[in-house]
There are 2 protein chains.
Amino acid sequence: MMAADVQASADAGRRPRGRPRKTAGERDDGNRRHALLSHAAHLFRRQGFAATTTRDIAAAAGMQSGSPFYHFKSKNALLFAVMEEGMHTALAHQRAALPPETLADLSPMGQLHKRIQAHFEVLLGPGNDFVPVMLYEQRSLSLRQHKQLGRLVTEYEALWSPILAALHANGQLRAPVGLARLLILGALNWSVQWFDAKKDASLQDLTEAAVGLFIKES
Amino acid sequence: MMAADVQASADAGRRPRGRPRKTAGERDDGNRRHALLSHAAHLFRRQGFAATTTRDIAAAAGMQSGSPFYHFKSKNALLFAVMEEGMHTALAHQRAALPPETLADLSPMGQLHKRIQAHFEVLLGPGNDFVPVMLYEQRSLSLRQHKQLGRLVTEYEALWSPILAALHANGQLRAPVGLARLLILGALNWSVQWFDAKKDASLQDLTEAAVGLFIKES
DNA sequence: CCTACCGATCGGTAGG
DNA sequence: CCTACCGATCGGTAGG
């Protein structure tokens with residue numbers, strides 16, 4: 001579900017006990033590193049970046065307080081890595097949900113429906129803390145980090161613009177395309193604040209409501 | 001524009017120089033207290049609550065590091081006071097923009113237009129940091145604070161529901177009223193993230209775009 | 001509201 | 001990745 005869980009422990013031999021020791025030739029770097037990432041994402045989302053300590057993250061991953069800095073050069077680098085993974089997940093999910101070669105088979109409204117559905121799935125699906133962190137913690141990024149992430153964000157927005165332009169041309173979307181995109185994505189992103197997987201509506205209900213809200217009768 | 005700027009220094013007599021000293025009988029409590037509030041709002045918005053120190057706030061208000069605690073019992077109490085003022089401002093502005101007795105003169109769509117415009121004015125108008133802080137820092141509230149603020153939020157939402165219900169009955173709003181309200185307010189609130197008073201559109205453009213996006217032709 | 005201060009915590013590092 | 005640690009900072013308080 002969530003990007004790559006690189007190689008776990010391939011060599012499942014007897015281990016003395018206690019913490020796993022890496023023997024020569026065994027590389028589980030990606031393993032521990034990603035454990036840090038995903039606990040960081042969870043804590044950043046719940047408490048915010050500034051209110052989360054590197055000790056919290058280390059403890060959640062079962063490490064000692066200094067160990068995160070073996071994998072990441074700073075707390076900030078950890079945040080950026082979380083956000084980058086969030087964007088990559090979102091982009092991959094959108095591309096899988098609406099592959100370029102199937103575009104011709106769907107009406108603009110059908111395409112928007114797919115986009116909105118995929119957006120909600122990544123944003124509100126179980127265990128996806130990476131994207132919410134990306135949306136709500138950009139303030140804590142350095143300027144260069146912000147610019148670098150901005151490239152991925154632009155890429156993501158570009159997936160929406162042609163669809164909205166077609167709807168606008170159709171008369172199914174009033175409002176200038178640029179503002180419409182910002183308002184629509186805002187409506188979707190804000191759902192992180194109130195959507196509760198238990199009560200409330202399902203992701204499907206949400207998707208229908210959003211399409212109905214934005215799109216005029218054909 | 002921004003709630004109450006209680007009594008400034010009524011007794012504008014000669015002051016020795018240096019910091020103002022309160023002589024017996026002179027009470028400028030509200031004055032300094034509100035200076036703290038408004039600098040806190042500004043810093044909380046720019047840096048986030050957790051990343052802002054009480055020393056930052058004190059310095060911005062021209063005080064020493066311990067002085068904010070003379071006015072507020074904790075950093076958290078300061079945050080709550082900022083949010084409460086934010087909600088009171090928003091409620092007051094909505095009521096002024098669409099007084100109950102004028103409701104009958106406007107179509108549901110005209111009413112929604114007024115509501116959206118007033119919302120943008122408070123959210124994006126100059127010097128209004130209180131509402132953005134309220135929207136984006138609720139995570140840092142205690143449970144009782146959150147509940148107390150929740151009452152004001154409910155009050156605010158109640159200003160929208162009848163209008164949306166009327167539009168729904170009219171056929172001008174597709175999507176269930178409850179979800180529509182959440183999605184619409186989300187679209188508006190997210191504008192804090194991207195609206196730049198300089199470039200981009202004006203508040204007026206934004207309002208037109210939002211109404212056009214949500215509402216079907218009459 | 002200032003002065004002077006405390007205890008606790010935090011991000012990060014050396015050295016293995 | 002752990003151990004042991006440092007310098008800096010932070011929220012808050014006593015006492016005036």
Side-chain angles (χ1 to χ4, degrees), chain A residues 6 8-9 15-37 39-40 43-44 47-82 137 140-142 145, chain B residues 9 15-37 39-40 43-44 47-82 137 140-142 145:
Chain A
V6 197
S9 54
R15 290 237 186 77
R17 119 198 29 186
R19 306 217 150 277
R21 302 194 139 276
K22 57 177 129 172
T23 60
E26 179 190 10
R27 288 175 310 159
D28 59 347
D29 320 39
N31 199 11
R32 304 305 295 150
R33 183 189 148 94
H34 198 269
L36 278 172
L37 271 184
H39 286 106
L43 290 166
F44 287 163
Q47 315 176 348
F49 171 73
T52 301
T53 69
T54 54
R55 281 164 167 83
D56 290 341
I57 300 168
M63 296 177 185
Q64 296 303 315
S65 68
S67 303
F69 299 97
Y70 170 74
H71 295 279
F72 296 92
K73 117 169 182 299
S74 68
K75 186 188 175 189
N76 213 262
L78 234 174
L79 174 65
F80 182 67
V82 166
E137 296 291 346
S140 303
L141 253 32
S142 75
Q145 288 173 329
Chain B
S9 55
R15 291 235 186 78
R17 118 198 30 189
R19 303 215 154 279
R21 301 196 139 276
K22 58 177 128 173
T23 60
E26 178 190 11
R27 286 176 310 158
D28 59 346
D29 320 40
N31 199 10
R32 305 304 295 150
R33 184 189 146 95
H34 197 270
L36 278 172
L37 271 185
H39 286 106
L43 290 166
F44 288 163
Q47 316 175 350
F49 172 72
T52 301
T53 69
T54 54
R55 281 164 168 82
D56 290 341
I57 299 168
M63 297 177 184
Q64 296 304 314
S65 67
S67 303
F69 298 97
Y70 169 75
H71 296 278
F72 296 92
K73 118 170 180 299
S74 68
K75 187 187 175 188
N76 213 261
L78 234 174
L79 174 65
F80 182 67
V82 166
E137 297 289 346
S140 302
L141 252 33
S142 76
Q145 288 174 329

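The chains referred to below are lettered A, B, ... by the order of the sequence lines, with proteins before strands, and numbering in each begins at 1. Quick caveat: nothing in here was measured; it's all calculated off a predicted structure.
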Problem - Test item: B:E137 and B:V82 side chains (from C-beta on) under 4.5 Å apart, heavy atoms - result: no

Practice task
For A:T52, check side chain to side chain contact (heavy atoms under 4.5 Å, CB included) against everything at least two apart and list the hits.
Solution key: A:L43, A:F44, A:Q47, A:D56, A:I57

Practice task
Please identify each residue that fulfils side chain to side chain contact (heavy atoms under 4.5 Å, CB included) with B:A59, with sequence neighbours left out.
Solution key: none

Handout entry: A:F72 and its side chain to side chain contact (heavy atoms under 4.5 Å, CB included) partner, picked from A:L37, A:L79, A:T54
Key = A:L37

Completion exercise
So OH of A:Y70 and CZ of A:R32: to nearest 0.5 Å the spacing works out to 12.0 Å

Exercise for the section: Tell me, with the steps shown, if A:H71 and A:M63 meet side-chain contact (heavy atoms from CB on, under 4.5 Å). Expected result: CA-CA 12 Å; A:H71 295 279; A:M63 296 177 185; 4.1 Å; yes

Problem - Nucleic acid footprint by protein, nucleotides 3-16 of chain C - heavy-atom cut-off 4.0 Å, B for base, S for sugar-phosphate alone - result: B-B----BBBB---

Practice task
Mind jotting down which residue pairs meet the side-chain hydrogen bond (donor to acceptor under 3.5 Å, both in side chains) criterion with at least one end in residues 73-82 of chain B? Sequence neighbours excluded, please.
Solution key: B:N76-B:Q145

Exercise for the section: Dot-bracket notation for DNA chain D is requested: 5' to 3', Watson-Crick or G-U wobble pairs only, both distances under 3.5 Å, with ( ), [ ], | and . as defined. Expected result: ||||||||||||||||

